[in-house]
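One-based numbering, in listed order, for ligands and for the atoms of each. Quick caveat, the model's predicted, so the values are computed rather than measured. If you read the sequence from its start, that first residue is 1, and numbering goes on from there.
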Amino acid sequence: MYTPEQEQRLTRLTETLLKNLSAPHDAEEAGQYIALLREVIPYHDWRYYVRSEAVISDADYDRLFTALRQLEERYPQFQDPDSPTQRVARTLTKEFPTVSHLVPMLSLENSYDAGDLRAWHQRVRELTQTDLIPYCVEPKLDGASISLIYENDRLVRGATRGDGIEGEDITPNVRVLRSLPLRAPLTAHGIQRMEIRGEVIIPKEAFLRLNEKRLAAGEVPFANARNAASGGLRQQDARLVADRQMEAIVYHISYAVDASGNDLLARSLNSHSGNILLLHRLGFKTPHGHLRCFSDIEEVIAYCQQAEQHRENYPYEIDGLVIKVDTIGLQERCGATSHHPRWAMAYKFAARQAITTLLRVEFQVGRTGTITPVAKLEPVALSGVTVSSISLFNEDFIREKDLRIGDRVVIERAGDVIPYVVQAVTGARTGQEKPVVFPKHCPSCQALLHKTADEANWRCVNARCPAQLAERLRHFASKDAMDIAGMGPATVEEFLQAGLLHRISDMYRLDPEAIRQLPGWRDKSVSNLIAALEASKNQPLHRLLYGLGIRYVGETTAKKLAEQVTDLREFTRWTPEQFQQIEDIGPKVAASLYDFFQQKENQEELDELARLGVAVSRRQTEKPAGPLSGKTFLFTGTLTMKRKEAEELVEKLGGTILSSVTTKLNYLVVGENPGSKLEKARKLQTVQILTEKEFGELVGKS
Ligand code: AMP
Ligand code: ZN
């Protein structure tokens, strides 16, 4: 950890370096630059990876990093294995050598309820011959365990747990984890050599993104963050380790000696909670924020039960809590079995796995024609919900897991993630199981399915495919799109069957008389539906655009796009390059948009919608006229007034809020700690940049 004074100094130093990254005059000056860069870069790693609060932009970080790398290349005499540039080894590790842990890495004993914990407390009292036991409770991280050795302030070894006695030496890979310092000021605390334990995890958010990326790249998603982390740590190419967004959280000092070889545990390092705080101060990521200490086992129990209710609030997966005797002296009196220490106990949360039977696989056609295999399961309870159907993503996923019809399968629900098939229980096979046959033809329209090399899913490309039509209609009417109350999936299906709908615009041609003929429809429900359809005609442009169901165009993209035009039909004249100019739109999305707006049927459909009264162009009435009419605004950084209030003020005066910096932007209002928008606006040179004070004057005066 850095003191406020150190932080100030390093922040100033960073600014100076960023301004003066010119070529040094001689080797001596280069050496000075290098030393300073090696001081500030680990500081920013710590801000970013341990504190999760960066103080400089990614671009500036990259500039510092590149500068250091270039200087080291030009002046190789300053090479240092602990330089931030040396985190990633460029060689492949063929085999990880086996190494012995300084202290065996044991398992934990498990408890599941209050009774288990009370019985354990009783045993601890007997073993320690004391009644007052201080306890600490911390999250049980569900990742891959690691052991690290630091010597003379340097990280010298990282290893997997292995069998607990011996593990694999994965030093090149743990060095890549930026949440781990390569150097830490241990000797300043009298520690010459130290072995610590921790868990390598992937935060939930990062894991979701990782899997989305894998799916988009046509790869099989990871079953859970734990597998992705333990596999990630054992990759042969250390350069790939960084891709998995892993973090190391350390929670235990298992060994610590001073320069004369004296054991420091139970001496200067005499409490578990104190040791965690020390690790935190040394710059490690620790669970100190989630550490609770109690002096009464009943308080421990109450806390455990309460924490289980909130397990979703942790940013990473936890499978329980660990209760530890806080005083190291008392821990030593408890001792250990060959399997687990007697001074610690895991409190396991309810299982999130279940085993059930894979009954069959159905193939669903999405609104853009994507075929998704869906497992139909014997219904089974899994952390509070009944699961009977789970997506299998794509063909590769089924092949990779070798899932067969009739298999017993393990399913898991991790965090807020939707349930997932982990694996087939191959040991339970009877020989009667049948392979999953992937269809060659669309299950709805029988058209031949297509798949390009860069995609994971087969698709039905028949524009008139009824299954796609049904999905498109449902999507159009859904809450986040045109939000047509009464036009739910069942109604869409009913109208399709009755031949009332053939394309989206048919919704606005629905004849009340024809609906009334259908069973179950009354005057009231018909008039409600017609009213809802009428109301939807004035939905904002971005909802209509999103509702059209263009491939890869989600809500955010639709919003960004809609800002660019006053009539959606303008897009029929756009080139793929124009689409790509918009923030976050890459070649794939641009191509999809271009294709959509080039198709004659789609162009006609937009004209039809306009003719039927749907707002295809921005209405004059959408914005109240005011002194800021026609002016566009965007805010960045922290303002003294609430961001929302500022935005509402602009809109009240007739102005528009944009979501990104483009040539359409007139004013960028800059608060404290502005983001990358400021840089972008400066580059464009067409945007007027205002301080909050200037903004106040603008809205006050006008
Ligand atoms: P198990 O493998 O279920 O017997 O649990 C023991 C493992 O839990 C240890 O080897 C650690 O890798 C892991 N673990 C996760 N969080 C903690 C923690 N806070 N304290 C101790 N062990 C933990
Ligand atoms: Zn089809």
Quick one: which ligand 1 atoms are inside 4.0 Å of a heavy atom on [X]?
X      : answer
Glu138 : 18 (C), 19 (N), 20 (N)
Ser107 : 4 (O)
Leu106 : 10 (O)
Val322 : 17 (C), 18 (C), 19 (N), 20 (N)
Ser145 : 12 (O)

Applying a heavy-atom cut-off of 4.0 Å, say which part of [X] lies close to ligand 1: side chain, backbone, both or neither.
X      : result
Asp142 : neither
Glu199 : side chain
Arg161 : side chain
Pro139 : backbone

Nearest 0.5 Å please: distance from the [atom1] atom of [X] over to the [atom2] atom of [Y].
X      : Y      : atom1 : atom2 : value
Tyr251 : Ile196 : OH    : CD1   : 11.0 Å
Glu608 : Glu601 : CD    : CD    : 13.0 Å
Arg472 : Thr368 : CZ    : OG1   : 9.0 Å

So which heavy atom in the protein is nearest [atom], and how far is it from that ligand atom?
atom                    : answer
atom 8 (O) of ligand 1  : Lys140 NZ, 3.4 Å
atom 16 (N) of ligand 1 : Leu141 N, 3.0 Å
atom 23 (C) of ligand 1 : Tyr251 OH, 3.2 Å
atom 20 (N) of ligand 1 : Lys324 NZ, 2.9 Å

To the nearest 10°, what's the angle at the Zn ion (ligand 2) between atoms SG (Cys460) and SG (Cys442)?
110°

Any ion pair linking Glu138 and Arg292 (charged N to carboxylate O, less than 4.0 Å)?
no

Other residues, nucleotides and ligands only: do more than 12 of their heavy atoms fall within 6.0 Å of CD on Glu332?
yes

Under the salt bridge (charged side-chain N to carboxylate O under 4.0 Å, His left out) test, residues paired with Arg474 that sit two or more places apart
Glu471, Glu493

Partner of Ile133 by side-chain contact (heavy atoms from CB on, under 4.5 Å), out of Thr327, Thr128, Asp326:
Thr128

So, the side chain of Asn457 versus the backbone of Thr370: is there a donor-acceptor pair under 3.5 Å, distance only?
no

Decide if the gap between the ring center of Tyr135 and the ring center of Tyr303 is smaller than 6.0 angstrom.
no

